[in-house]
Amino acid sequence: MALSGVRVLELAGLAPAPLCGMILADFGARVVRVDRVPRSAVATDVQARGKRSMSLDLKRPRGAAVLRRLCRGADVLLEPFRHGVMEKLGLGPDVLLQENPRLIYARLTGFGQSGKYAKCAGHDINYLALSGVLSKLGRKGENPYAPLNLLADFAGGGVMCAFGIVTALYERTRSGKGQIIDASMVEGVAYLSSFLWKSQSLGLWNRPRGENLLDSGAPFCETYKTSDGKFMAVGALEPQFYEQFIKGLGLDSDKLPSQLSFSDWSEMKKKFASTFAQKTQAEWCSIFEGTDACVTPVLSFDEVASHQHNKQRNSFIENDQEEISPRPAPLLSRTPAVPSFKRDPFIGEHTEEILLEYGFTKQEISKLYSDKVIESNKPKANL
């Protein structure tokens with residue numbers, strides 16, 4: 001795989017960092033999740049595919065020393081703590097990069113390593129708000145709303161950080177040097193919104209929130225309920241696609257207002273809604289299949305893996321526990337990602353194995369156990 005041979009140490013954290021680590025693991029990196037000691041009863045990382053786990057007490061000097069030693073043999077350190085936490089532990093980038101100048105030290109936080117909010121707590125909705133993106137999300141007459149925690153946490157955080165790591169690894173092939181990555185979720189999601197910033201002169205966002213072409217204002221870029229309580233998604237923006245959409249609905253475009261008649265959009269929505277309500281989702285799928293009307297079913301998680309298009313591309317995979325999840329993307333022609341189908345690791349399951357790989361002796365490991373600096377959680381064999 002593309003990242004085969006890359007050694008990653010991921011300090012256990014919440015959602016964005018685990019996604020970043022999983023992306024790297026899916027594409028071939030050997031990712032070790034460093035969990036806390038004493039270990040919690042429940043693993044919060046549901047994105048541990050392809051990772052191994054070791055338990056280490058970083059708050060104790062000997063535990064911090066173990067991580068320093070691990071970092072000497074690692075390519076990437078991924079840390080998700082607030083500004084200053086790693087420095088207090090004696091594990092800041094000035095220390096670790098001095099000992100391993102090739103190390104990529106990736107710092108994934110909400111607000112970044114500097115600025116007024118650098119030491120503040122926050123969540124996806126806060127990062128989204130500070131980026132300006134939240135102000136654009138919401139329907140007419142309603143408060144802004146955050147679409148789950150996908151945008152700032154995962155897209156602006158986990159994915160952008162993974163991109164930064166791969167970029168730094170590539171640069172290292174020329175310079176031989178590592179570097180520090182300051183991945184801020186605020187800046188990550190702001191960068192994702194570059195189109196919004198750069199398209200303001202086009203008039204796409206001139207009207208209030210929820211009244212524009214792409215923010216639920218347009219009747220031809222909307223979702224509609226069907227007679228069986230399901231939904232269809234419509235994205236018939238271009239005139240030629242809009243004409244096929246109107247034809248599929250069985251309406252006469254000559255008897256309707258102009259597509260871009262803003263003042264008629266509200267009434268057109270009602271007209272389209274009443275039309276969609278007359279047939280089931282399956283009936284509408286049959287009508288629009290094979291057309292360029294840009295009309296598709298809104299699929300539930302229970303339906304998406306069995307949809308014909310997704311099945312043909314093997315877009316979803318099933319692991320050994322019969323859990324379904326999306327296949328890694330994008331597809332690489334020569335070195336595609338090969339995700340693990342094994343269960344996620346137990347916290348501390350691979351502690352001894354990892355330490356041996358990184359050059360620790362069995363005597364050193366025994367001492368770390370007796371001092372409660374590390375823990376192991378190997379599953380018992382079924383006899």
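Ion pair Glu99/Arg69 not flagged as a salt bridge, since none of the NZ, NE, NH1 or NH2 atoms sits closer than 4.0 Å to an Asp/Glu carboxylate oxygen. At a threshold of 4.0 Å, the pair Arg36-Asp57 does not count as salt-bridged, since none of the basic side-chain nitrogens sits closer than that to a carboxylate oxygen. A salt bridge links Glu211 with Arg207; the closest basic N to acidic carboxylate O contact falls under 4.0 Å.
No side-chain heavy atom of Val304 sits less than 4.5 Å from a side-chain heavy atom of Ser300. Between Val32 and Glu10 the shortest side-chain heavy-atom distance does not fall below 4.5 Å. Taking the side chain as every heavy atom from C-beta outward, Glu87 and Val95 never approach each other to under 4.5 Å. Counting heavy atoms from C-beta outward, Asn212 and Leu204 have side chains that stay 4.5 Å or more apart. Contact check for Glu364 versus Leu356: no side-chain heavy atoms found under the 4.5 Å cut-off. Inter-residue side-chain proximity for Leu196 and Trp205 is flagged as met; some heavy-atom pair is nearer than 4.5 Å. For the pair Pro80/Thr109, no side-chain contact is recorded, criterion being any heavy-atom separation below 4.5 Å from C-beta on. Looking only at side-chain heavy atoms (C-beta outward), Leu368 and Arg62 come within less than 4.5 Å of each other.
Interatomic distance, CD of Gln308 versus CZ of Arg313, reported as 14.0 Å (0.5 Å rounding). Atoms CZ and CD1, from Phe241 and Ile246 in turn, are 14.5 Å apart once rounded to the nearest 0.5 Å. Here the OG-CG distance, from Ser216 to Leu137, works out to 10.0 Å after rounding to the nearest 0.5 Å. The distance from atom CG of Leu192 to atom CD of Glu187, rounded to the nearest 0.5 Å, is 12.5 Å.
No side-chain donor from either of Ser55 and Asp35 sits under 3.5 Å from a side-chain acceptor of the other. In this model, no donor atom of one side chain and acceptor atom of the other lie less than 3.5 Å apart for Glu375 and Thr351. Residues Ser325 and Arg49 bring a donor and an acceptor atom of their side chains to less than 3.5 Å of each other. Judged purely by distance below 3.5 Å, without hydrogens or angles, the side chains of Trp284 and Thr226 never pair a donor atom with an acceptor atom.
Under the rule for a side-chain hydrogen bond (donor to acceptor under 3.5 Å, both in side chains), the partners of Asp264 that lie at least two apart in sequence or sit in another chain are Ser261. Scored by the side-chain hydrogen bond (donor to acceptor under 3.5 Å, both in side chains) test, Ser114 finds no partners at all (sequence neighbours excluded). Here Tyr117 pairs with Phe111 under the ring pair (Phe, Tyr, Trp, His ring centres under 6.0 Å) rule; sequence neighbours left out. Annotation: ring pair (Phe, Tyr, Trp, His ring centres under 6.0 Å) contacts of Tyr224 (sequence neighbours excluded): Phe276. Every residue was checked against the side-chain hydrogen bond (donor to acceptor under 3.5 Å, both in side chains) condition with Glu318, not counting sequence neighbours, and none meets it. Partners of Ser184 by side-chain hydrogen bond (donor to acceptor under 3.5 Å, both in side chains), not counting sequence neighbours: none found. Checked against ring pair (Phe, Tyr, Trp, His ring centres under 6.0 Å), Trp265 has the following partners two or more places apart in sequence or in another chain: Phe220, Phe262. Annotation: ring pair (Phe, Tyr, Trp, His ring centres under 6.0 Å) contacts of Phe272 (sequence neighbours excluded): Phe245.
None of Arg102, Arg7, Arg172 except one satisfies the side-chain hydrogen bond (donor to acceptor under 3.5 Å, both in side chains) rule with Asp75; the exception is Arg172. Shown are Lys140, Lys270, Lys271, Arg139; of these, the salt bridge (charged side-chain N to carboxylate O under 4.0 Å, His left out) with Glu222 is made only by Arg139.
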Please tabulate, for the side chains in residues 142-170, all donor-acceptor contacts under 3.5 angstrom to protein atoms that are two or more places apart in sequence or on a different chain.
residue : atom : partner : partner atom : Å
Asn149  : ND2  : Asp153  : OD2          : 2.9
Thr167  : OG1  : Phe163  : O            : 2.7

Show every donor-acceptor pair shorter than 3.5 Å between a side-chain atom in residues 289-298 and any protein atom, with sequence neighbours excluded, or say none if there are none.
residue : atom : partner : partner atom : Å
Thr291  : OG1  : Phe288  : O            : 2.7
Thr291  : OG1  : Ala293  : N            : 3.3

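Of the possible polar contacts, none joining the Asp371 side chain to the Val373 backbone as a donor-acceptor pair under 3.5 Å is found.
Sequence neighbours left out, not one pair with a member in residues 296-319 passes ring pair (Phe, Tyr, Trp, His ring centres under 6.0 Å).
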**Asked** Yes or no on side chain to side chain donor-acceptor pair (under 3.5 Å) for Ser253 and Glu243, after CA distance, side-chain angles and deciding distance?
**Response** CA-CA 7 Å; Ser253 58; Glu243 191 60 38; 3.1 Å; yes
**Request:** Output, in order, the C-alpha distance, side-chain angles, deciding distance and verdict of salt bridge (Lys or Arg N to Asp or Glu O under 4.0 Å) for Glu349 and Lys51.
**Result:** CA-CA 11 Å; Glu349 180 176 350; Lys51 302 176 189 177; over 6 Å; no
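Through direct or relayed side-chain contacts under 4.5 Å between Ile, Leu, Val, Met, Phe, Trp and Tyr, Ile317 connects to Phe341.
The heavy-atom pair separating Gly21 from Val31 by the smallest distance is O-CG2, 3.6 Å.
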